[in-house]
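Please read the structure below before turning to the comments.
Order of the sequence lines fixes the chain letters, A, B, ..., with proteins taken first and strands second; residue numbering starts at 1 for each chain. Computed over heavy atoms, backbone and side chain alike; hydrogens, waters and symmetry mates excluded. Every value quoted in this text rests on a predicted model; they were computed, and no experiment measured them.
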Protein chains: 2
Amino acid sequence: MTLAPRPEIRRPLTLRDVSEASGVSEMTVSRVLRSRGDVSETTRERVLLAARTLGYVPNKIAGALASQRVNLVAVIIPSLSNMVYPEVMTGISQVLEDTGLQPVFGVTHYLPEREESVLYEMLSWRPSGVILAGLEHTDAARQMLSNAGIPIVEAMDVDGVAVDSVVGISHRRAGLKMAEAILAAGYSRIGFLGTMMPYDHRARKRLEGLEEGLAQGGITLADREFYSGGSALLKGREMTQAILARSPDLDFLYYSNDMIGAGGLLYCLEAGIDVPGRVGLAGFNGVELLDGLPRRLATMDACRLEIGRTAAQIIAGVHPSGLIGGERIELSPTLELGDTIRR
Amino acid sequence: MTLAPRPEIRRPLTLRDVSEASGVSEMTVSRVLRSRGDVSETTRERVLLAARTLGYVPNKIAGALASQRVNLVAVIIPSLSNMVYPEVMTGISQVLEDTGLQPVFGVTHYLPEREESVLYEMLSWRPSGVILAGLEHTDAARQMLSNAGIPIVEAMDVDGVAVDSVVGISHRRAGLKMAEAILAAGYSRIGFLGTMMPYDHRARKRLEGLEEGLAQGGITLADREFYSGGSALLKGREMTQAILARSPDLDFLYYSNDMIGAGGLLYCLEAGIDVPGRVGLAGFNGVELLDGLPRRLATMDACRLEIGRTAAQIIAGVHPSGLIGGERIELSPTLELGDTIRR
DNA sequence: ATGAAAGCGCTAACAC
DNA sequence: GTGTTAGCGCTTTCAT
């Protein structure tokens, strides 16, 4: 460890500094730096030169307070390790890039109270809009959202009541659709494998949809297995081994996400289990990872990128629908049978 | 699509509203809400009640301007899809949580100009510190960093000159160490597989370290293969097939990350190639995913969580070293031979 | 323990 | 095309 001198703490530069250095009024300097209003080319160049040589960085805090405008969009997601949310974030970033708005991300770790506090923290910066995952929030959070006076988009899930706008898929219907595909392929002893997270409402709704769909075929779920923490791929292997040991007559396994599904697939292949003849498999999300697996896991695309893009369009007020609030946009996930469901 | 009425846009509440509702001066209300200074229990409760019933959310913009203090830490990372950075972010969040500081994340997509603009944007919010990845920046970015007058931590890599503090591993040394392990295991025809990204300096340094280490054993790299975009797992398969077709005599493949390494491993296993007898494999990062693979890929832990935690400690001024700036902390990645290097 | 006044650095609105 | 004035909603400082 070296003891290099810490950079000297100078007073940060202000508009006034640029104004004095360039001999132009603060107001005109401000106009140049925001490219707003008419400024002669001469003054403009003088100002920019001064700003650049001084190394001036505008103070958005003061600017935001004065203009009552903040170019920030609060984006609140459950987790970063899920692979699902980074893609939603990418969609949001893509659209906002062209609008002068900037996303700011907060993570809740699937905890409602944490969502509430992150939301509070973010609202206190007076963002131009909020995008958050799901429709389930604490009462206080819901109240903050309704009172915020800015566009709110609840993303990912449409099964429930929205505060303002909502963009997503119906996870219930996704589960139902999967049940139909499973039954159509002739499977009848179905097991479900998922996360233990009580607040993963979307996984829960998929399970409910699945059971509803199976019930329509006169079938009930034969077994289920849950996990928490650790490497999802490894957990997928372990859970699959466990559930098959416990219920050897299962002929289909529905996983709450592709990662554990991939683990299950690898396990079955190694154990010499005939997939999809003896056992069928399906996951959920349509993650890119599946492309590299020995066999294509059946899955359902969660429309992550599209959801992110649409949410951002609504916040930015550039959604093709032209509507400005209270939108409900339901996307349709496509079922990909892959190589793990009998045809 | 329904046409629900958008929530009415009211003037956001201010301290004055709480003051009037509670009959307490703005100043005292402010003190209560920040729990600063002495306030009688009676007034305190009256204020809190009023604030809660109104649903008041403080305006941090005004607060920050007045107090000249912002509890934000700018965190600038290259990518979200890399799996590496989310873990660094987690480490940062863990530590900052206890300090009243809040991370704000920006993504550069490995583009220096984008890093510069994200940095500019973030500095204009006057954060309390900056954490960014790597030591390579544009001149303008470097100047902004030195002029910012706040603690700066460059994370991930220590091979170079830092602006202020630096926390990370030596990727050059990591490559070197891997070369030694490869040679010690008796491999001699080595191939490198990596990303095409010109700005992935850490992968580049690992490659340089590898070549240096091989040179010490009198060996030069036999072949190399690069990719960009797409599913890393799939690319790993494809590249492995391609490089082995082109250079069938290769007996070791060093991958610039675990994801493509995992793809390579899956390919070799399916192709019936004896690993690690006929061909040895190694990746880099020590990602959790490897735990679920059929065989344990050799890798090197990049100390991601620890790097994040340490960086945050420096920014928060709570690092055990007690130093306040200009720190240089080099962590030592551990080599895990797994099952893909001969012993 | 509480309040009054000043001002943080910028921009809206208006003059010139 | 450019300058002046008056705040934005808080917190600092100083009185009481």
Quiz item: Residues in side-chain hydrogen bond (donor to acceptor under 3.5 Å, both in side chains) with B:S117, at least two apart?
Solution: none
Quiz item: Taking only residues two or more places apart in sequence or in another chain, which ones pass side chain to side chain contact (heavy atoms under 4.5 Å, CB included) with A:V39?
Solution: A:T28, A:R31, A:V32, A:T43, A:R44
Quiz item: Sequence neighbours excluded, which residues qualify as side-chain hydrogen bond (donor to acceptor under 3.5 Å, both in side chains) partners of B:R16?
Solution: none
Practice problem: For B:A133, check side chain to side chain contact (heavy atoms under 4.5 Å, CB included) against everything at least two apart and list the hits. | Solution: B:P78, B:Y85, B:M156, B:R202
Quiz item: Using a cut-off of 4.0 Å between protein heavy atoms and nucleotide atoms, how would you tag nucleotides 8-16 of chain C 5' to 3' with B, S and -?
Solution: BBBBBB---
Quiz item: If we ignore angles and hydrogens, is there a donor and acceptor under 3.5 Å between the side chains of A:E154 and A:S165?
Solution: no
Please tabulate, for the side chains in residues 98-107 of chain B, all donor-acceptor contacts under 3.5 angstrom to protein atoms that are two or more places apart in sequence or on a different chain.
from, atom 1, to, atom 2, distance (Å)
B:T99, OG1, B:L96, O, 2.7
B:T99, OG1, B:L101, N, 3.2

Practice problem: Indicate the atoms forming the closest heavy-atom contact of A:I315 with A:V130, along with that distance. | Solution: CD1-O, 3.6 Å
Quiz item: What are the 5'-most and 3'-most nucleotides of DNA chain D lying under 4.0 Å from any heavy atom of chain B?
Solution: D:dG9 to D:dT12
Exercise. Determine whether the side chains of B:E115 and B:H137 contain a donor N or O and an acceptor N or O closer than 3.5 Å.
Key: yes
Quiz prompt | Residues that B:N82 engages under side-chain hydrogen bond (donor to acceptor under 3.5 Å, both in side chains), provided they are two or more places apart | solution = B:Y110
Identify each donor-acceptor pair in which a side-chain atom of residues 305-312 of chain B lies under 3.5 Å from a protein atom, sequence neighbours left out, and give them as a table.
from, atom 1, to, atom 2, distance (Å)
B:R309, NH1, B:Q94, OE1, 2.6
B:T310, OG1, B:E306, O, 2.7

Exercise. Can you tell me which residue pairs pass the salt bridge (charged side-chain N to carboxylate O under 4.0 Å, His left out) test with a partner in residues 133-147 of chain A, sequence neighbours excluded?
Key: A:E136-A:K205
Exercise. Take B:K60 and B:N71 through the test side-chain contact (heavy atoms from CB on, under 4.5 Å) and record every step on the way to the result.
Key: CA-CA 10 Å; B:K60 289 223 180 193; B:N71 70 337; 3.4 Å; yes
Quiz item: What bend angle does the helix from C:dA1-D:dT16 to C:dC16-D:dG1 show across its length, from five-pair end axes and to the nearest 10 degrees?
Solution: 30°
Quiz prompt | Residues in contact with DNA chain C, drawn from residues 41-55 of chain B - heavy-atom cutoff 4.0 Å | solution = B:T43
